Enquirer: 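Before I ask anything, let me first share the structure, which is written out below as C-alpha coordinates.
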Amino acid sequence: MNKIILHSDLNNFYASVECLFNPDIQGKPVVVGGDEESRHGVVLAKNEIAKKYGIKSAESIWQAKQKCNNLIVVPPHFERYSKYSKMTKEIYYEYTNQVESFGLDECWLDVTGSTQLFGDGKEIADKIRQRIKAELGLTVSIGVSFNKVFAKLGSDLKKPDATSVITKENFKDIVWKLPVNELLYVGKATYTKLKQIGICTIGDLASANPVFLKNILGKSGYSLWRFANGMDDAPVADMGDKTCVKSVSNSTTTPKDLVALEEVKIVFYKLAESVASRLREQGLKCTTVQIGVKDNSFVSYERQKKLEVPTFDSNEIFKAAMTLFVQHHKSAVPVRSLGVRACNLIGREYMQLSIFEYEAKVEKHEKVEKMIDEIRTRFGSSALQRGVMLVDQQLTNLHLEEE
(Lines give C-alpha, C1' and ligand atoms only; values in the text may rest on other atoms or scores of the structure.)
Protein backbone atom coordinates (compact mmCIF):
# COMPACT_ATOMS: atom_id res chain seq x y z
CA MET A 1 0.00 0.00 0.00
CA ASN A 2 1.37 3.42 -0.99
CA LYS A 3 1.85 5.98 1.73
CA ILE A 4 -0.08 9.24 1.52
CA ILE A 5 2.13 12.06 2.75
CA LEU A 6 1.21 15.75 2.93
CA HIS A 7 3.60 18.64 3.26
CA SER A 8 1.89 21.77 4.54
CA ASP A 9 3.61 25.15 4.11
CA LEU A 10 2.04 28.28 5.59
CA ASN A 11 2.24 31.04 2.98
CA ASN A 12 4.41 34.06 3.86
CA PHE A 13 3.94 33.01 7.47
CA TYR A 14 5.55 35.82 9.47
CA ALA A 15 4.21 38.57 7.23
CA SER A 16 0.74 37.00 7.11
CA VAL A 17 0.53 36.85 10.91
CA GLU A 18 1.62 40.49 11.17
CA CYS A 19 -1.15 41.49 8.76
CA LEU A 20 -3.69 39.70 10.95
CA PHE A 21 -2.67 41.85 13.91
CA ASN A 22 -2.58 45.05 11.85
CA PRO A 23 -5.39 45.15 9.24
CA ASP A 24 -4.21 48.60 8.07
CA ILE A 25 -1.20 47.04 6.32
CA GLN A 26 -3.16 44.35 4.50
CA GLY A 27 -3.04 44.75 0.73
CA LYS A 28 0.26 46.65 0.96
CA PRO A 29 3.88 45.52 0.42
CA VAL A 30 5.05 44.27 3.82
CA VAL A 31 8.27 42.74 5.09
CA VAL A 32 9.17 41.52 8.54
CA GLY A 33 12.64 42.77 9.33
CA GLY A 34 15.09 43.49 12.07
CA ASP A 35 16.14 46.88 13.37
CA GLU A 36 18.78 48.40 11.09
CA GLU A 37 20.29 50.39 13.97
CA SER A 38 20.63 47.19 16.00
CA ARG A 39 22.42 45.45 13.09
CA HIS A 40 19.49 43.19 12.33
CA GLY A 41 18.52 45.17 9.23
CA VAL A 42 17.63 42.26 6.97
CA VAL A 43 14.39 40.93 5.49
CA LEU A 44 13.18 37.92 7.50
CA ALA A 45 9.94 37.45 5.55
CA LYS A 46 7.78 39.20 2.97
CA ASN A 47 4.20 39.02 1.73
CA GLU A 48 3.07 38.25 -1.83
CA ILE A 49 2.84 41.93 -2.79
CA ALA A 50 6.42 42.59 -1.65
CA LYS A 51 7.59 39.55 -3.63
CA LYS A 52 6.31 41.17 -6.83
CA TYR A 53 8.88 43.92 -6.34
CA GLY A 54 11.66 41.34 -6.35
CA ILE A 55 12.30 41.57 -2.62
CA LYS A 56 14.09 38.54 -1.25
CA SER A 57 14.65 37.11 2.21
CA ALA A 58 18.00 37.89 3.87
CA GLU A 59 18.64 41.02 1.79
CA SER A 60 19.15 44.27 3.67
CA ILE A 61 16.19 46.51 4.48
CA TRP A 62 17.75 49.44 2.63
CA GLN A 63 18.08 47.34 -0.53
CA ALA A 64 14.46 46.25 -0.23
CA LYS A 65 13.34 49.88 0.15
CA GLN A 66 15.17 50.78 -3.05
CA LYS A 67 13.02 48.24 -4.89
CA CYS A 68 9.80 49.48 -3.28
CA ASN A 69 9.52 53.08 -2.03
CA ASN A 70 6.31 52.46 -0.08
CA LEU A 71 7.54 49.28 1.61
CA ILE A 72 6.20 48.71 5.12
CA VAL A 73 8.70 47.20 7.57
CA VAL A 74 7.38 45.64 10.77
CA PRO A 75 9.45 44.11 13.59
CA PRO A 76 9.22 40.36 14.24
CA HIS A 77 7.03 38.98 17.02
CA PHE A 78 8.15 35.38 17.45
CA GLU A 79 5.72 34.65 20.25
CA ARG A 80 2.90 35.29 17.77
CA TYR A 81 4.42 32.98 15.19
CA SER A 82 4.92 30.25 17.77
CA LYS A 83 1.29 30.59 18.88
CA TYR A 84 -0.08 30.29 15.34
CA SER A 85 2.29 27.43 14.57
CA LYS A 86 0.85 25.52 17.52
CA MET A 87 -2.72 26.27 16.43
CA THR A 88 -2.09 24.91 12.93
CA LYS A 89 -0.61 21.74 14.42
CA GLU A 90 -3.76 21.30 16.51
CA ILE A 91 -5.71 21.20 13.25
CA TYR A 92 -3.26 18.70 11.74
CA TYR A 93 -3.58 16.43 14.78
CA GLU A 94 -7.31 16.06 14.11
CA TYR A 95 -6.42 14.18 10.92
CA THR A 96 -3.35 12.17 12.03
CA ASN A 97 -0.97 11.73 14.96
CA GLN A 98 1.97 11.51 12.56
CA VAL A 99 2.95 15.18 12.26
CA GLU A 100 6.59 16.18 11.84
CA SER A 101 7.67 19.82 12.00
CA PHE A 102 10.08 21.28 9.47
CA GLY A 103 10.38 24.72 11.01
CA LEU A 104 7.59 26.87 12.47
CA ASP A 105 5.64 27.12 9.22
CA GLU A 106 6.06 23.69 7.63
CA CYS A 107 4.96 20.18 8.58
CA TRP A 108 4.77 16.72 7.07
CA LEU A 109 1.65 14.65 7.78
CA ASP A 110 1.24 10.92 7.14
CA VAL A 111 -2.50 10.48 6.49
CA THR A 112 -2.30 6.93 5.12
CA GLY A 113 -4.44 5.60 7.95
CA SER A 114 -6.94 8.45 7.82
CA THR A 115 -8.39 8.10 4.32
CA GLN A 116 -11.41 6.02 5.32
CA LEU A 117 -12.44 8.76 7.74
CA PHE A 118 -11.61 11.90 5.77
CA GLY A 119 -11.22 10.98 2.08
CA ASP A 120 -8.16 10.67 -0.15
CA GLY A 121 -4.98 12.74 0.20
CA LYS A 122 -6.21 15.64 -1.91
CA GLU A 123 -9.52 15.80 -0.05
CA ILE A 124 -7.74 15.89 3.31
CA ALA A 125 -5.35 18.57 2.06
CA ASP A 126 -8.21 20.73 0.81
CA LYS A 127 -10.09 20.35 4.10
CA ILE A 128 -7.01 21.42 6.04
CA ARG A 129 -6.47 24.43 3.77
CA GLN A 130 -10.08 25.53 4.16
CA ARG A 131 -10.01 25.14 7.94
CA ILE A 132 -6.76 27.07 8.39
CA LYS A 133 -8.14 29.90 6.27
CA ALA A 134 -11.50 29.97 8.07
CA GLU A 135 -10.27 29.44 11.63
CA LEU A 136 -6.89 31.19 11.63
CA GLY A 137 -7.08 33.64 8.74
CA LEU A 138 -3.95 32.22 7.09
CA THR A 139 -3.38 30.44 3.79
CA VAL A 140 -1.37 27.30 3.23
CA SER A 141 -0.02 25.39 0.24
CA ILE A 142 0.00 21.61 0.51
CA GLY A 143 1.80 18.96 -1.49
CA VAL A 144 0.35 15.45 -1.61
CA SER A 145 2.57 12.54 -2.59
CA PHE A 146 3.78 9.05 -1.76
CA ASN A 147 6.93 10.22 0.05
CA LYS A 148 8.21 13.19 2.06
CA VAL A 149 10.59 14.60 -0.56
CA PHE A 150 7.97 14.84 -3.31
CA ALA A 151 5.32 16.12 -0.86
CA LYS A 152 7.68 18.94 0.08
CA LEU A 153 8.35 19.66 -3.58
CA GLY A 154 4.61 19.65 -4.28
CA SER A 155 3.89 22.31 -1.67
CA ASP A 156 6.26 24.64 -3.56
CA LEU A 157 4.63 24.13 -6.98
CA LYS A 158 1.63 26.42 -6.52
CA LYS A 159 1.45 29.34 -4.11
CA PRO A 160 -0.42 30.73 -2.34
CA ASP A 161 -3.36 28.64 -1.12
CA ALA A 162 -3.16 25.55 -3.37
CA THR A 163 -3.00 21.76 -3.33
CA SER A 164 -0.62 19.90 -5.68
CA VAL A 165 -0.63 16.13 -6.14
CA ILE A 166 2.42 14.13 -7.23
CA THR A 167 1.83 10.41 -7.74
CA LYS A 168 3.95 7.42 -8.75
CA GLU A 169 2.29 7.65 -12.15
CA ASN A 170 2.90 11.35 -12.86
CA PHE A 171 6.05 12.28 -10.91
CA LYS A 172 8.38 11.93 -13.89
CA ASP A 173 6.27 14.38 -15.94
CA ILE A 174 6.02 16.88 -13.08
CA VAL A 175 9.29 16.55 -11.17
CA TRP A 176 11.98 15.63 -13.67
CA LYS A 177 11.71 18.85 -15.69
CA LEU A 178 12.30 21.04 -12.62
CA PRO A 179 15.70 22.62 -11.83
CA VAL A 180 17.76 20.28 -9.66
CA ASN A 181 18.02 22.85 -6.86
CA GLU A 182 14.25 22.50 -6.35
CA LEU A 183 14.93 19.08 -4.81
CA LEU A 184 15.09 18.95 -1.01
CA TYR A 185 18.64 18.93 0.38
CA VAL A 186 20.24 20.28 -2.79
CA GLY A 187 21.94 23.34 -1.34
CA LYS A 188 24.07 25.98 -3.04
CA ALA A 189 27.34 24.02 -2.87
CA THR A 190 25.75 20.80 -4.15
CA TYR A 191 23.91 22.70 -6.89
CA THR A 192 27.19 24.23 -8.07
CA LYS A 193 28.88 20.83 -8.20
CA LEU A 194 25.98 19.27 -10.10
CA LYS A 195 25.93 22.08 -12.65
CA GLN A 196 29.66 21.62 -13.22
CA ILE A 197 29.05 18.01 -14.29
CA GLY A 198 26.09 18.88 -16.49
CA ILE A 199 23.25 17.97 -14.13
CA CYS A 200 20.77 20.84 -14.33
CA THR A 201 17.36 19.21 -13.80
CA ILE A 202 16.00 16.63 -11.38
CA GLY A 203 15.59 14.34 -14.38
CA ASP A 204 19.30 14.68 -15.16
CA LEU A 205 20.02 13.66 -11.57
CA ALA A 206 17.64 10.69 -11.77
CA SER A 207 19.28 9.33 -14.93
CA ALA A 208 22.87 9.80 -13.72
CA ASN A 209 25.03 6.90 -12.58
CA PRO A 210 24.58 6.61 -8.78
CA VAL A 211 28.14 5.34 -8.31
CA PHE A 212 29.47 8.38 -10.16
CA LEU A 213 27.33 10.69 -8.01
CA LYS A 214 28.61 9.04 -4.85
CA ASN A 215 32.18 9.61 -6.00
CA ILE A 216 31.44 13.30 -6.62
CA LEU A 217 29.23 14.10 -3.63
CA GLY A 218 29.89 11.29 -1.15
CA LYS A 219 26.99 9.42 0.50
CA SER A 220 24.62 12.31 -0.21
CA GLY A 221 25.09 11.74 -3.95
CA TYR A 222 23.45 8.34 -3.74
CA SER A 223 20.71 9.65 -1.45
CA LEU A 224 19.87 12.48 -3.88
CA TRP A 225 19.75 9.98 -6.77
CA ARG A 226 17.22 7.92 -4.78
CA PHE A 227 15.16 11.04 -4.01
CA ALA A 228 15.08 12.04 -7.69
CA ASN A 229 13.81 8.56 -8.58
CA GLY A 230 11.04 8.63 -5.98
CA MET A 231 12.74 6.16 -3.63
CA ASP A 232 12.56 8.22 -0.43
CA ASP A 233 11.20 5.94 2.29
CA ALA A 234 11.79 8.07 5.40
CA PRO A 235 8.83 7.89 7.81
CA VAL A 236 6.96 10.88 9.20
CA ALA A 237 7.69 11.18 12.90
CA ASP A 238 4.87 10.56 15.38
CA MET A 239 3.62 13.61 17.29
CA GLY A 240 5.05 12.17 20.51
CA ASP A 241 8.43 11.30 19.05
CA LYS A 242 11.02 13.79 20.27
CA THR A 243 14.08 12.01 18.87
CA CYS A 244 13.99 14.00 15.63
CA VAL A 245 15.12 17.08 17.56
CA LYS A 246 18.93 17.00 17.53
CA SER A 247 19.62 20.29 19.29
CA VAL A 248 18.00 23.51 20.50
CA SER A 249 19.78 26.81 20.08
CA ASN A 250 19.41 30.57 20.18
CA SER A 251 21.80 33.20 18.90
CA THR A 252 21.89 36.96 18.57
CA THR A 253 23.88 39.78 17.01
CA THR A 254 24.30 42.44 19.66
CA PRO A 255 23.45 46.13 19.05
CA LYS A 256 26.93 47.06 20.25
CA ASP A 257 30.27 45.30 20.55
CA LEU A 258 30.62 43.62 23.93
CA VAL A 259 33.84 44.24 25.83
CA ALA A 260 32.92 43.97 29.50
CA LEU A 261 32.33 40.49 30.91
CA GLU A 262 29.16 41.73 32.63
CA GLU A 263 27.67 42.53 29.22
CA VAL A 264 28.51 39.05 27.98
CA LYS A 265 26.82 37.60 31.08
CA ILE A 266 23.57 39.43 30.34
CA VAL A 267 23.44 38.06 26.80
CA PHE A 268 24.34 34.52 27.87
CA TYR A 269 21.66 34.61 30.57
CA LYS A 270 19.06 35.67 27.99
CA LEU A 271 20.17 32.97 25.55
CA ALA A 272 20.32 30.27 28.24
CA GLU A 273 16.81 31.12 29.49
CA SER A 274 15.38 30.86 25.99
CA VAL A 275 17.13 27.56 25.23
CA ALA A 276 16.12 26.08 28.60
CA SER A 277 12.50 27.14 28.18
CA ARG A 278 12.32 25.51 24.75
CA LEU A 279 13.84 22.30 26.14
CA ARG A 280 11.23 22.16 28.91
CA GLU A 281 8.46 22.81 26.40
CA GLN A 282 9.54 19.77 24.40
CA GLY A 283 10.21 17.53 27.39
CA LEU A 284 13.94 17.29 26.66
CA LYS A 285 17.20 17.69 28.56
CA CYS A 286 20.67 18.35 27.18
CA THR A 287 23.87 16.59 28.11
CA THR A 288 26.17 19.01 26.25
CA VAL A 289 26.27 22.81 25.95
CA GLN A 290 27.90 24.52 22.99
CA ILE A 291 28.62 28.21 22.47
CA GLY A 292 29.23 30.14 19.27
CA VAL A 293 31.20 33.39 19.35
CA LYS A 294 31.90 35.94 16.63
CA ASP A 295 34.14 38.92 17.34
CA ASN A 296 34.00 42.36 15.72
CA SER A 297 36.47 41.31 13.03
CA PHE A 298 34.04 38.49 12.07
CA VAL A 299 36.31 35.72 13.33
CA SER A 300 34.07 33.00 14.78
CA TYR A 301 34.48 29.76 16.72
CA GLU A 302 32.45 27.14 18.59
CA ARG A 303 33.30 25.31 21.82
CA GLN A 304 31.34 22.71 23.79
CA LYS A 305 31.24 21.16 27.25
CA LYS A 306 29.70 17.92 28.49
CA LEU A 307 27.53 18.30 31.60
CA GLU A 308 27.72 16.16 34.73
CA VAL A 309 23.94 15.78 34.82
CA PRO A 310 21.39 16.21 31.97
CA THR A 311 19.43 19.43 32.44
CA PHE A 312 16.93 21.95 31.12
CA ASP A 313 17.87 24.41 33.88
CA SER A 314 18.91 27.83 32.55
CA ASN A 315 21.38 28.30 35.43
CA GLU A 316 23.32 25.17 34.50
CA ILE A 317 23.30 26.04 30.82
CA PHE A 318 24.46 29.59 31.61
CA LYS A 319 27.28 28.36 33.85
CA ALA A 320 28.54 26.01 31.15
CA ALA A 321 28.37 28.76 28.51
CA MET A 322 30.26 31.27 30.65
CA THR A 323 32.89 28.69 31.59
CA LEU A 324 33.54 27.99 27.92
CA PHE A 325 33.68 31.69 27.09
CA VAL A 326 36.14 32.55 29.87
CA GLN A 327 38.34 29.58 28.97
CA HIS A 328 38.50 30.20 25.23
CA HIS A 329 37.89 33.87 24.46
CA LYS A 330 40.82 36.26 24.36
CA SER A 331 40.25 39.05 26.84
CA ALA A 332 39.56 42.55 25.50
CA VAL A 333 38.57 41.22 22.05
CA PRO A 334 35.12 42.80 21.36
CA VAL A 335 32.26 40.37 20.73
CA ARG A 336 29.71 40.94 17.95
CA SER A 337 27.44 37.92 18.30
CA LEU A 338 26.84 35.01 20.68
CA GLY A 339 24.96 31.73 20.52
CA VAL A 340 24.07 28.92 22.91
CA ARG A 341 23.17 25.42 21.73
CA ALA A 342 21.87 22.51 23.83
CA CYS A 343 23.15 19.27 22.28
CA ASN A 344 22.93 15.49 22.77
CA LEU A 345 19.33 15.66 23.92
CA ILE A 346 17.44 12.98 25.82
CA GLY A 347 13.74 12.56 26.50
CA ARG A 348 11.93 11.97 29.78
CA GLU A 349 11.97 8.21 29.26
CA TYR A 350 15.76 8.24 29.62
CA MET A 351 15.94 10.51 32.69
CA GLN A 352 16.95 8.65 35.82
CA LEU A 353 15.66 9.52 39.27
CA SER A 354 18.00 11.67 41.33
CA ILE A 355 19.99 9.84 43.96
CA PHE A 356 22.78 12.36 44.58
CA GLU A 357 22.60 15.65 46.44
CA TYR A 358 23.84 17.57 43.37
CA GLU A 359 21.11 16.12 41.16
CA ALA A 360 18.46 16.92 43.76
CA LYS A 361 19.63 20.54 43.83
CA VAL A 362 19.35 20.73 40.03
CA GLU A 363 15.84 19.30 40.15
CA LYS A 364 14.85 21.97 42.70
CA HIS A 365 16.02 24.71 40.31
CA GLU A 366 14.12 23.06 37.46
CA LYS A 367 10.86 23.10 39.43
CA VAL A 368 11.33 26.81 40.05
CA GLU A 369 11.93 27.44 36.37
CA LYS A 370 8.77 25.55 35.42
CA MET A 371 6.85 27.89 37.73
CA ILE A 372 8.53 30.87 36.02
CA ASP A 373 7.44 29.45 32.65
CA GLU A 374 3.82 29.39 33.84
CA ILE A 375 3.97 32.98 35.09
CA ARG A 376 5.56 34.26 31.87
CA THR A 377 3.02 32.37 29.76
CA ARG A 378 0.17 34.05 31.65
CA PHE A 379 1.57 37.55 32.08
CA GLY A 380 4.24 37.95 29.38
CA SER A 381 7.96 37.25 29.04
CA SER A 382 8.95 40.38 30.99
CA ALA A 383 6.76 39.56 34.01
CA LEU A 384 9.75 38.04 35.81
CA GLN A 385 13.34 39.03 35.07
CA ARG A 386 16.72 38.46 36.65
CA GLY A 387 18.20 41.46 38.44
CA VAL A 388 21.19 41.45 36.08
CA MET A 389 18.80 42.18 33.21
CA LEU A 390 18.03 45.60 34.66
CA VAL A 391 21.61 46.76 34.19
CA ASP A 392 21.36 47.19 30.40
CA GLN A 393 17.89 47.35 28.85
CA GLN A 394 19.34 47.43 25.33
CA LEU A 395 20.86 43.99 25.84
CA THR A 396 17.86 42.71 27.79
CA ASN A 397 15.54 43.46 24.86
CA LEU A 398 17.68 41.67 22.27
CA HIS A 399 16.05 39.83 19.39
CA LEU A 400 16.98 36.13 19.53
CA GLU A 401 17.15 33.83 16.53
CA GLU A 402 15.96 30.24 16.94
CA GLU A 403 17.24 27.05 15.38
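A quick note: this is a predicted structure, and the numbers were derived from the prediction, not measured. Throughout, residue positions are numbered sequentially from 1 according to the sequence presented.
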Enquirer: I'd like to know whether the aromatic ring centres of Phe268 and Phe318 sit less than 6.0 Å apart in this structure.
Expert: no
Enquirer: Any side-chain heavy atom of Leu258 within less than 4.5 Å of one from Leu338?
Expert: yes
Enquirer: Using distance alone, with no hydrogens and no angle criterion, decide if Asp120 and Thr115 have a side-chain donor and acceptor under 3.5 Å apart.
Expert: no
Enquirer: So which atom in Ile5 and which in Ala151 form the shortest heavy-atom distance, rounded to 0.1 Å?
Expert: O-CB, 3.6 Å
Enquirer: In Å, rounded to the nearest 0.5 Å, how long is the span from NZ of Lys148 to CG of Leu153?
Expert: 15.0 Å
Enquirer: To the nearest 0.5 angstrom, please state how far the CG atom of Leu136 sits from the CG atom of Leu20.
Expert: 8.5 Å
Enquirer: Passes side chain to side chain donor-acceptor pair (under 3.5 Å), Glu182 versus Tyr191? Steps please.
Expert: CA-CA 10 Å; Glu182 295 286 324; Tyr191 179 48; over 6 Å; no
Enquirer: If every non-hydrogen atom of Val165 is compared with every non-hydrogen atom of Ile174, which pair is closest and at what distance?
Expert: O-CD1, 3.8 Å
Enquirer: I need the Ile4 CD1 to Leu109 CG distance, nearest 0.5 Å.
Expert: 12.0 Å
Enquirer: Taking all atoms of both residues into account, what is the closest heavy-atom pair of Leu279 and Val248, and its distance?
Expert: CD2-CG2, 3.9 Å
Enquirer: If we ignore angles and hydrogens, is there a donor and acceptor under 3.5 Å between the side chains of Asp295 and Ser297?
Expert: yes
Enquirer: Is any NZ, NE, NH1 or NH2 atom of the basic residue among Lys56 and Glu59 found under 4.0 Å from an Asp or Glu carboxylate oxygen of the other?
Expert: no
Enquirer: From Ile199 CD1 over to Leu224 CG, what is the distance, rounded to the nearest 0.5 angstrom?
Expert: 9.5 Å
Enquirer: Would Gln63 and Ser60 count as having a side-chain donor-acceptor pair, cut-off 3.5 Å?
Expert: yes
Enquirer: Taking all non-hydrogen atoms of both residues into account, name the closest pair between Ile317 and Ala272 and its distance.
Expert: CG2-CB, 3.9 Å
Enquirer: Can you tell if the side chain of Tyr81 reaches within under 4.5 Å of the side chain of Val32, non-hydrogen atoms only?
Expert: yes
Enquirer: Please check if the number of heavy atoms outside Lys159 that lie under 6.0 Å from its NZ is greater than 12.
Expert: yes
Enquirer: Between Leu44 and Ser57, which heavy-atom pair has the shortest distance, and what is it?
Expert: O-OG, 4.0 Å
Enquirer: Just checking, is any N or O donor in the side chain of Thr112 or Asp110 under 3.5 Å from an acceptor N or O on the other one?
Expert: yes
Enquirer: Starting at CD of Gln327, measure out to NZ of Lys305 and round the result to the nearest 0.5 Å.
Expert: 6.5 Å
Enquirer: Would you find more than 12 non-hydrogen atoms of other residues, nucleotides or ligands less than 6.0 Å from Lys67 atom NZ?
Expert: yes
Enquirer: Say whether Asn344 and Thr288, considering side chains only, have a donor N or O and an acceptor N or O under 3.5 Å apart.
Expert: yes
Enquirer: Can you list every pair that meets side-chain hydrogen bond (donor to acceptor under 3.5 Å, both in side chains) and has a residue in residues 192-211, with sequence neighbours left out?
Expert: Thr201-Asp204
Enquirer: Quick one: do Arg226 and Asp233 make a salt bridge, cutoff under 4.0 Å?
Expert: yes
Enquirer: Using 30° and 60° as the class boundaries, would you call the ring planes of Tyr84 and Phe21 parallel, tilted or perpendicular?
Expert: perpendicular
Enquirer: So His329 and Phe325, would you call those rings parallel, tilted or perpendicular, with 30° and 60° as cut-offs?
Expert: parallel
Enquirer: Salt-bridge test for Arg129 and Asp161: reply yes if a basic N is under 4.0 Å from a carboxylate O, no otherwise.
Expert: yes
Enquirer: Is the closest side-chain donor-acceptor distance between Lys89 and Ser85 under 3.5 Å?
Expert: yes
Enquirer: In terms of side-chain heavy atoms, does Tyr14 have a donor or acceptor partner in His77 at a distance below 3.5 Å?
Expert: no
Enquirer: Are Gln98 and Tyr93 linked by a side-chain donor-acceptor pair shorter than 3.5 Å?
Expert: no
Enquirer: ring-ring contact (aromatic ring centres under 6.0 Å, His included) with Phe150: which residues, sequence neighbours excluded?
Expert: Phe146, Phe171
Enquirer: Does the side chain of Asn250 pick up a donor-acceptor pair with the side chain of Arg278 at under 3.5 Å?
Expert: yes
Enquirer: Go through the steps to decide whether Tyr92 and Ser8 satisfy the test side chain to side chain donor-acceptor pair (under 3.5 Å), and finish with yes or no.
Expert: CA-CA 9 Å; Tyr92 300 152; Ser8 181; 2.7 Å; yes
Enquirer: With Lys46, which residues qualify under salt bridge (Lys or Arg N to Asp or Glu O under 4.0 Å), at least two apart?
Expert: none
Enquirer: How long is the straight-line distance from OG of Ser220 back to CZ of Phe227, given to the nearest 0.5 Å?
Expert: 9.5 Å
Enquirer: Any donor-acceptor pair under 3.5 Å linking the side-chain atoms of Lys168 with those of Asn2?
Expert: yes
Enquirer: Please determine whether side chain to side chain donor-acceptor pair (under 3.5 Å) holds for the pair Asn11 and Ser141, giving the CA-CA distance in whole Å, both sets of side-chain angles, and the decisive distance to 0.1 Å.
Expert: CA-CA 7 Å; Asn11 302 135; Ser141 292; 3.1 Å; yes
